[in-house]
Amino acid sequence: MLTFTIRRLLLSIPTLLFISLIIFLLLQLAPGDPMAQVPLTVPPEVKQKMREALGLGEPIYVQYYKWLIQFFWIEPQVAFDYFFGTEFSEGKQRVISWQWRGPVMDVVVQRLPQTFWVVGMAYVVGVLISIPVGIYSAYRQYSVFDQSGTFITMIGFSVPPFFTGPLLGIIFAVQLGWVPLLYDTTHVVEDWASFKVQFQQMILPVMVLALQTTAQISRYMRASVLDNLNQDYVRTARSKGLSEAVVVMVHVVRNSMIPVITVIALGIPAIFGGAIITEVVFGVSGIGDMFIRALLSNDLPTVQTLAFIFAILIVLFNLIADVLYGVLDPRIRYD
Amino acid sequence: MTETAPDDHFEALRDIEPPKEPRSQWADVWSQFKKHKGALFGGGFLVFITLFVLIGPYIWRVDPQALPKGREMLTLRDVRPIFVALWDFDAKVMWSRPLGTDNLGRDILANIIAGGRASMAVGWAAMVLSLVIGTGIGVMSGYFRKLDFWLMRFTDLVLSLPILPLLLVAVVLFRQPLRSNFGPEMGMFILIVGVIAITSWMQTARIVRGEILALKEREFILAARSIGTSNYKIITRHLLPNVISPIMVSATLGLATAIITESALSFLGFGFPSDFPTWGKLLSDAVPRMTEFPERVLFPGIAISLTVLGVNYLGDGLRDALDPRIRGR
Amino acid sequence: DGHEGERGRDGEVRIIYWQAPSILNPYLSGGTKDIESSSLVIEPLGRYDPDGNPVPFLAQEIPTVGNGGVSEDLTSITWKLKEGLKWSDGTPVTSADVKFTAEYCMDPEGGCAQGAKFDGVTSVEALDDLTIKVTFDQPKPNPYGPFMGGQSPIIQAAQFADCMGARAPECTDANFGPIGTGPFVVTDFKPNDVITMVANENYREAGKPAFASVTFKGGGSAEASGRAVMETGEFDYAWNLQLAPDVIAKMAEGGKGVPVSAFGALVERLEMNLTNPSPDLPPETRATVAEPHPILSDGRVRKALSIAIDRELLVEVGYGDAGRPTCNLVPAPAIYASDNTECLTQDLDGARALLDEAGWTDTDGDGIRDKDGMKLSLLYQTSTNAVRQDFQALIKQSWSEIGVETELRNLDGSVFFGGDPGSPDTFQKFYADVEMYANVFDGTDPQAYLAAYRCGNEPKPDSQWQGENINRFCDPEYDALIDKLATTGDLEERGKIARKMNDMLTKESNTIVPLVDRGRVSGHAVTLGGVRLNVFDSELWNVADWYRKGE
Amino acid sequence: MLDTADAAQPAQTIAEIEGLRVEFQTKDGPVVGVKDVSFNIKSGETVCVVGESGSGKSVSSLSLMRLVEFGGGKIAGGRLLFDRKDHDKVDLADIDPEIMRGIRGNEIGMIFQEPMTALNPVFTVGRQLTEGLRLHRGMSKSQANTRALELMRQVRIPEPERRLKQYPHELSGGMRQRVVIAIALACEPRLLIADEPTTALDVTIQAEILALMDRLKRETGTAVMFITHDMAVVAQMADRVVVMFRGEKVEEGTVEEIFENPQHPYTKSLLAAVPKLGEMTGKEYPEPMVLMNSRNPSAGVPIKGTDEVLLEVKNLTTRFPVKGGFFRRTVANVHAVEDLSFSINKGQTLSLVGESGCGKSTAGRSILRLVEPQAGSIKVGDTDIMALSHKDLRDSRLDMQMIFQDPFASLNPQMQLSDQVAEPIHNFGTLKGAAIQQRVEMLFDRVELPRSFMRRFPHELSGGQRQRVAIARALALNPKLIIADEAVSALDVSVQAQVLNLMMELQSELDLSFLFISHDMAVVERVSHNVGVMYLGRIVEMGPRAAVFENPQHPYTQALMKAVPIADPRKRKDEKDLNFKPIPSPIHGLDYTAEPSVYKEVSPGHQVLLTDSGY
Ligand SMILES: Nc1ncnc2c1ncn2[C@@H]1O[C@H](COP(=O)(O)OP(=O)(O)OP(=O)(O)O)[C@@H](O)[C@H]1O
Ligand SMILES: Nc1ncnc2c1ncn2[C@@H]1O[C@H](COP(=O)(O)OP(=O)(O)OP(=O)(O)O)[C@@H](O)[C@H]1O
Ligand SMILES: [Mg+2]
Ligand SMILES: [Mg+2]
């Protein structure tokens with residue numbers, strides 16, 4: 001198990017390097033120019049100077065090498081310094097955004113909480129709803145509950161968030177005025193009233209995102225439980241005289257969770273991507289929103305860094321999913 | 001069962017011949033499929049919407065891009081759908097514009113049809129392309145052991161790419177060159193179809209590979225090899241027909257994601273040029289006027305949702321119908 | 001109501017910019033959002049008011065030739081700071097800070113975004129603690145480049161001392177929270193997201209600002225920010241509501257806020273290419289003066305194209321109250337605006353007649369005019385943007401009525417305006433027949449703006465396709481006027497010359513076909529008082545005067 | 001066995017099934033699983049229920065547990081009377097589900113067929129074993145553990161303490177089945193239902209499990225309802241026998257009555273179809289069986305074959321690499337086939353027997369080079385198979401064909417049968433045009449399938465019919481050698497007999513040679529000229545069938561012969577005779593060098609391995 005984990009960890013290094021190269025090369029092809037936002041009144045010589053100040057002129061491999069060093073060597077040092085008060089990174093060049101001329105990572109760190117709150121909460125809510133729904137629909141296959149559950153999850157599956165988002169926004173924020181239209185990132189929860197405000201502003205984005213999660217996971221759960229309900233060991237459990245509740249909730253669910261847990265783990269990075277739309281629609285200033293804006297203003301270092309952070313998340317959660325699989329299923333032995 | 005008392009000893013041991021006429025598996029699949037109401041609806045709706053967007057322009061012969069001449073625009077724009085007159089007697093409605101017009105006086109029905117054409121074309125093309133890539137890679141790596149390691153590493157790698165972000169990046173990057181080479185519409189079509197396909201074949205590849213690996217161990221493949229069937233024939237005659245079910249299921253999933261992805265790109269403003277409507281684009285263009293003209297958001301939104309819903313239900317039904325375990329029941 | 005009172009009496013004001021500020025140092029970013037957000041914190045010596053008149057801010061008065069602040073030969077300007085000015089950290093503001101600001105931006109390695117403001121400056125001297133003298137390399141009839149307007153505010157020397165040149169971007173703390181003299185002080189800056197500020201205790205005017213704190217939110221869309229102010233009341237001020245007029249009108253029905261608009265000199269125009277962009281030409285001569293345009297070189301055609309357009313309709317569809325039809329390149333300020341109204345009424349017949357006269361007739365009956373076997377067919381490009389595409393559709397429609405075929409093309413803004421000499425799709429390369437965009441001049445003086453159309457200033461391969469004479473306009477008479485304007489100090493006279501130049505480009509030659517004088521629409525809550533929308537400077541220029549109206 | 005039950009106590013009826021009818025709701029309307037079945041079970045006796053696949057055995061037993069409902073069935077009629085220990089008789093057919101749960105696992109225990117899947121893979125053996133105890137007996141955790149340990153000892157699992165903490169996949173099939181038995185016995189049920197508990201197991205393990213159950217029954221006096229389709233097992237286990245046929249009971253009687261004087265024609269034909277070990281004693285050559293209907297004229301005619309050597313295999317070695325460690329390098333090898341030498345004459349059959357995993361299939365596949373052998377030589381006639389290039393190898397398939405174990409898996413489910421049979425002809429282009437069709441028709445006739453089946457798809461056929469299609473396909477190219485890998489193992493006895501007869505008829509007619517791979521000694525005895533007994537990749541004993549069966553020399557062969565149940569109630573095995581060691585692992589490190597196989601010839605052609613085989 002340990003060898004397996006270490007092996008996978010080490011394998012992920014070339015994978016990540018390769019991904020970073022792909023992302024980097026892709027971005028280098030960009031025809032856009034970070035200067036496009038500068039007003040037309042600014043003369044070309046000035047623009048040229050600004051461009052040079054951004055380090056645009058250097059050869060590709062130098063830029064890539066610099067970026068690698070900055071991302072893999074200097075940024076971790078900064079994090080280390082932050083936590084332990086050391087000064088390893090003192091005076092070293094970090095990954096700098098072309099938009100705000102400051103370290104990209106600082107802003108990423110600033111924004112991650114928003115994303116985690118909304119996206120994470122949506123995921124948790126989605127998982128908490130979907131698992132019981134999945135179990136019950138499988139247990140009562142083709143019952144009214146199952147049929148309607150299937151229908152609702154199908155809808156959740158099919159209706160895109162960029163449709164539900166604005167629609168719900170208009171209904172609940174503009175027409176009814178129950179919730180704010182825009183997410184306030186500065187809001188601090190300190191008492192009941194402010195908690196209520198926080199709840200109100202989170203509910204729409206969370207529900208829109210959770211709808212998708214619920215739909216997907218409950219379908220997986222249903223299929224998985226159905227698969228297991230037909231297994232021989234369930235019959236054995238019943239022949240012992242166990243009650244249905246124990247048979248289903250202990251024997252079946254435990255087995256059904258194995259594939260579903262990995263689906264859940266694998267889904268986490270995907271929803272960061274999916275959150276881009278939700279964040280844009282509801283004005284949540286998370287990393288998805290950051291990504292879109294960086295892309296629109298040709299802020300290549302930020303785009304690069306964020307794309308790469310997404311890649312790291314995916315690789316990481318893939319690894320977690322694999323390891324979890326081994327932990328949950330005694331039959332899997334990695335050596 | 002019409003079983004006479006088995007006094008003839010041999011009769012007692014005879015196999016009961018199947019009473020039915022020979023039926024291919026597909027007949028069974030169809031009869032199972034028919035029972036899935038949702039799938040029938042889904043498939044039906046998909047056919048309907050496809051015909052709607054294909055034939056629509058020949059029936060509803062209004063040019064989606066046509067603007068009213070000159071000052072007529074002021075009277076012909078912002079027409080409401082005809083049914084609004086049911087509750088709002090003052091609404092500006094016109095029989096010649098059953099679903100109303102947009103802020104420039106373009107006909108909404110014609111736009112929905114044209115938008116549907118684009119969305120469906122992208123969906124189908126991307127789905128087919130991604131299936132071809134996915135099946136190809138899946139079959140190669142499942143069947144040829146030597147390729148397996150590298151192809152699967154490659155698949156894993158692509159799977160680790162952050163898809164939506166890269167999709168956006170790719171659209172931004174390649175939009176211009178492709179548009180200048182193939183024209184704004186065709187270039188964008190190639191780009192979006194290509195980008196969606198290139199980023200969505202991996203699941204198909206994995207599933208197909210898994211199926212092929214399992215099938216390869218089945219004795220009929222061994223049997224085929226032992227009777228001297230060539231690799232090519234094993235793949236085309238024995239393997240591919242047997243992986244058709246997972247491929248069809250991932251086809252439906254692929255169609256649904258492709259439609260949604262295209263709409264999402266258009267919604268975020270990374271899609272087709274503005275004079276080339278797609279459902280996603282119509283939707284996002286209409287969002288600012290949502291309170292005043294909710295229909296402009298609802299029509300494309302519902303069109304997308306229903307199509308995807310239909311496709312998903314179709315996939316669900318296909319999965320049930322194609323799964324021999326379920327079909328046996 | 002709360003006009004008067006102690007500082008901070010009105011609590012919080014909430015501002016939303018749908019383009020989020022990413023930095024508070026305008027010298028490192030040219031973006032309007034950044035310049036305007038920083039104007040809450042740092043201030044220039046003088047600003048322009050909503051009418052385009054200069055008003056002193058940190059300076060005691062605006063120097064002119066009249067009051068002796070500007071030398072007779074127009075080569076130097078001397079500013080005097082108000083007395084007793086303090087930075088928000090309590091230290092005094094001195095001429096050293098002003099001098100430092102100039103050095104900061106003029107550092108060759110800094111990549112200063114406002115370098116243009118300091119064009120031609122040879123020296124900046126601190127004569128005493130309060131006096132600064134700026135010297136130019138040649139006479140400057142408009143010497144109000146440096147330290148005037150939101151783009152060149154004064155920064156604190158102490159804070160930015162270590163941030164010169166290449167190190168400028170590294171001073172994140174300073175760039176995100178400059179110490180200033182403005183009404184507010186940054187407490188927290190989240191790039192591309194939110195800025196929180198509190199009232200500056202050391203602000204020079206007592207009882208101002210009325211608000212104790214500012215929440216400056218960035219992000220969302222123009223539409224969402226409009227709703228947030230006018231429909232849900234979540235915010236007090238929404239910047240630049242680039243929305244269709246009907247949408248804004250509908251939002252205003254929400255009753256929580258009102259739209260306000262103002263007009264400057266931002267003109268949406270069509271540029272006619274006077275050179276041949278045909279792809280058949282070799283790259284050295286394509287779209288250069290060596291190859292005159294086969295169709296558009298004829299002024300009659302250009303005129304026909306201009307008068308065929310229904311500008312009223314364009315405004316109605318695209319801008320509503322936020323735009324007005326114009327025939328001028330320079331529609332404001334008043335002394336520079338020509339009384340040119342000829343193009344305002346659509347005249348299809350006139351246009352047809354002009355084309356007939358120019359020899360373009362429809363010989364083959366396909367509805368498209370032709371001449372010598374060549375079709376009257378134009379490629380019309382612009383950047384990708386909803387209103388622009390609506391305009392393209394409308395104009396295409398009008399032109400089709402006079403027998404002109406139009407192919408539309410829209411290009412991504414970042415490419416179109418990106419200026420990459422390698423890309424065929426920049427507006428400078430002009431590989432099209434007609435293109436549309438908007439442009440404006442800085443401040444209130446159009447001299448540099450009009451000087452762009454000098455012979456030889458056109459983008460061409462030799463100049464790496466840089467240059468502002470987009471149309472490749474060339475008229476010796478016009479060049480003479482440019483030179484004359486550069487040496488004329490008298491305002492009346494300057495106005496006359498400028499109007500003449502404007503007419504030469506528009507009315508007389510139709511090289512530039514102005515369409516709409518674009519105003520700006522912003523929205524503010526009904527309870528927010530003191531807003532005076534300003535298009536010549538930062539919209540938030542007078543935020544110190546804002547207050548909460550009593551209900 | 002009645003005589004071992006407590007004589008003082010008159011046998012008391014524990015369960016009575018009266019007119020049971022079970023229906024299933026399927027998409028083609030209701031299906032009757034059991035039509036009308038009545039029988040009873042008395043305490044301390046073993047009632048064997050026999051019948052072919054699908055005759056309703058499992059459904060009857062599941063009804064008794066009221067578990068059919070969970071499979072979509074419904075008890076549509078009849079009564080299931082059960083005598084509860086401390087209560088009166090109850091009718092299980094309409095009892096409250098709550099009470100039923102108290103009976104299940106407590107008063108009726110059940111053992112299922114598939115030991116591989118009957119246990120929950122994610123819980124430890126201990127946990128699954130104690131679950132019932134804690135529920136029904138209200139035991140504390142430690143009490144339950146003590147009892148579990150006791151049970152594990154009772155079913156003779158080695159190292160019971162350690163096993164309790166292991167997961168099912170860490171146990172071998174035999175051990176798992178013991179655990180299932182232990183679970184069923186946990187609460188000392190009055191009735192034990194065993195649904196084909198040994199069908200999936202090797203002979204040796206089967207023998208042990210059967211002996212174990214017999215002993216437990218005697219020790220605890222539990223009534224046993226034993227379901228099987230194997231008449232030999234019935235003969236070993238039963239006190240009374242119930243014969244079922246297509247959902248109905250057709251005959252019932254004591255085991256002796258049934259075997260010696262069957263009444264119903266079905267029972268008769270069933271018994272006739274069962275190959276009995278020892279039946280062929282004294283005969284030199286194999287001969288087709290005499291089935292109840294003598295439509296086969298060749299029955300009883302010995303098949304002599306020729307002396308001409310067709311296949312000669314020398315020192316065949318096949319190993320599979322085991323990858324592992326950090327760099328996924330080969331760290332060990334599975335020595336699946338180790339130094340194997342044998343030859344087959346034209347028109348004769350060589351059988352390879354042995355337990356699961358001993359390398360029989362690998363040997364068969366290596367000969368066709370469907371897996372690549374490491375070393376050795378294979379000669380078919382004059383061709384050296386090992387030396388062939390890939391293309392020539394393909395051509396060599398003209399001479400060698402294979403029939404596989406699983407008739408459901410060896411046909412492509414998506415192709416029509418005629419196409420599948422014609423496929424080898426197409427592949428090699430041996431025939432063209434209409435001749436192909438004629439040949440296929442001829443082959444269908446040859447394997448006695450109606451021509452109307454040619455357009456059918458595999459899923460429309462029964463197992464026996466499919467196997468005949470597979471044989472037809474193997475015959476399509478007129479091969480000289482057919483490798484039959486467990487070709488009849490998956491079939492019901494009656495069908496098995498027909499297929500075996502068919503194969504033998506074809507052999508005598510076409511002079512085919514067979515390499516017959518099987519684990520069923522009785523079948524092997526029936527069909528072979530020569531027999532090779534395999535153990536751990538090697539042939540431990542080989543020679544003419546009579547020599548090996550009547551005079552086994554190698555200890556493993558001897559043990560194997562003892563383990564085989566005989567379909568004769570008077571030849572019951574005793575637990576004492578059984579003595580099996582678990583098979584050692586065939587996985588050896590890279591540095592392991594296998595010793596060459598050295599044989600001693602005990603009589604002409606009869607060779608016994610001298611090298612240490614690991615047994
Ligand atoms: N869940 C079910 N749904 C429909 N029909 C069923 C179901 N279970 C059993 N049957 C039918 O009931 C009949 C009896 O099946 P049963 O399982 O009892 O056979 P069996 O004698 O145990 O066979 P085997 O030896 O293969 O286990 C068969 O015809 C079968 O098709
Ligand atoms: N492809 C393979 N890769 C690795 N090991 C294999 C492979 N095929 C077979 N083995 C191993 O080789 C050994 C012999 O297997 P084989 O299938 O020949 O046994 P068998 O005698 O046919 O068993 P059974 O009666 O169960 O079919 C077993 O230990 C098996 O696990
Ligand atoms: Mg059964
Ligand atoms: Mg085998």
J.: Count the heavy atoms belonging to other residues, nucleotides or ligands that lie under 6.0 Å from CE of B:Met140, then report whether that count exceeds 12.
T.: no
J.: If you look at every heavy atom in B:Ala223 and D:Ser410, which pair is closest and at what distance?
T.: CB-O, 4.1 Å
J.: Please list, in residue-number order, every residue in residues 224-234 of chain B that has a heavy atom less than 4.5 Å from any heavy atom of chain D; write 'none' if there are none.
T.: B:Arg225, B:Ser226, B:Ile227, B:Gly228, B:Thr229, B:Ser230, B:Lys233
J.: Report yes if the side chains of B:Glu219 and D:Asp485 come closer than 4.5 Å at any heavy-atom pair, otherwise no.
T.: no
J.: Which residues pass the salt bridge (Lys or Arg N to Asp or Glu O under 4.0 Å) test with B:Lys146, not counting sequence neighbours?
T.: none
J.: Check whether D:Leu368 gets within reach of chain B through its side chain, its backbone, both or neither, counting any heavy atom under 4.5 Å.
T.: side chain
J.: Quick check on D:Phe428 against chain B: is it the side chain, the backbone, both or neither that has a heavy atom closer than 4.5 Å?
T.: side chain
J.: Looking at D:Gly72, D:Pro424, D:Ala409, which makes the most heavy-atom pairs under 4.5 Å with chain B?
T.: D:Ala409
